[in-house]
Novice: 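My questions all concern the structure below.
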Amino acid sequence: MTIVALYDEPQVLPLPDMYGKNLIFKTGGVDGCDCEKTLQLIAQGKINTEPLITHTYPLSKIAQGYDLFENKRDGVIKVAIEC
């Protein structure tokens with residue numbers, strides 16, 4: 001899983017729910033602009049991002065998309081910008 005995001009408060013994992021599932025987590029800072037492989041997999045249809053994208057805006061209305069996301073309105077999860 002790749003998450004490109006900035007969080008305004010600490011994220012807490014639900015550890016009791018995760019026990020016994022043999023999960024491995026690796027975290028660290030990465031260059032969010034260097035996601036070529038991930039973008040290729042999305043373009044090839046090997047990663048389905050549809051469940052994450054709740055709103056789509058044209059590039060000409062990007063400010064509205066940012067406002068919606070920043071203010072967490074209308075059940076927003078992710079906003080896609082069409083270029």
Novice: What donor-acceptor contacts under 3.5 angstrom involve side-chain atoms of residues 14-22, with partners at least two apart or in another chain?
Specialist:
{"unit_1": "Lys21", "atom_1": "NZ", "unit_2": "Asp17", "atom_2": "O", "d": "3.0"}

Novice: Is a donor on one side and an acceptor on the other found under 3.5 Å between the side chain of Asn71 and the backbone of Arg73?
Specialist: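 Side chain of Asn71 to backbone of Arg73: no pair is present.
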
Novice: Please list every donor-acceptor pair under 3.5 Å in which a side-chain atom of residues 39-46 meets a protein atom from a residue at least two apart or in another chain.
Specialist:
{"unit_1": "Gln40", "atom_1": "NE2", "unit_2": "Glu36", "atom_2": "OE2", "d": "3.2"}
{"unit_1": "Gln44", "atom_1": "OE1", "unit_2": "Lys46", "atom_2": "NZ", "d": "3.4"}

Novice: Going only through I, L, V, M, F, W and Y residues with side-chain contacts under 4.5 Å, is there a path from Leu52 to Val79?
Specialist: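 No, it is not one cluster - the side chains of Leu52 and Val79 are not joined through contacts under 4.5 Å.
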
Novice: Would you please name every residue forming a side chain to side chain contact (heavy atoms under 4.5 Å, CB included) with Glu9, sequence neighbours left out?
Specialist: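 So Glu9 forms a side chain to side chain contact (heavy atoms under 4.5 Å, CB included) with Gln11.
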
Novice: Report all side-chain donor-acceptor pairs from residues 53-66 shorter than 3.5 Å, counting only partners two or more places apart or in another chain.
Specialist:
{"unit_1": "Thr54", "atom_1": "OG1", "unit_2": "Ile77", "atom_2": "N", "d": "2.9"}
{"unit_1": "Thr54", "atom_1": "OG1", "unit_2": "Lys78", "atom_2": "O", "d": "3.3"}
{"unit_1": "His55", "atom_1": "NE2", "unit_2": "Asp74", "atom_2": "OD2", "d": "2.9"}

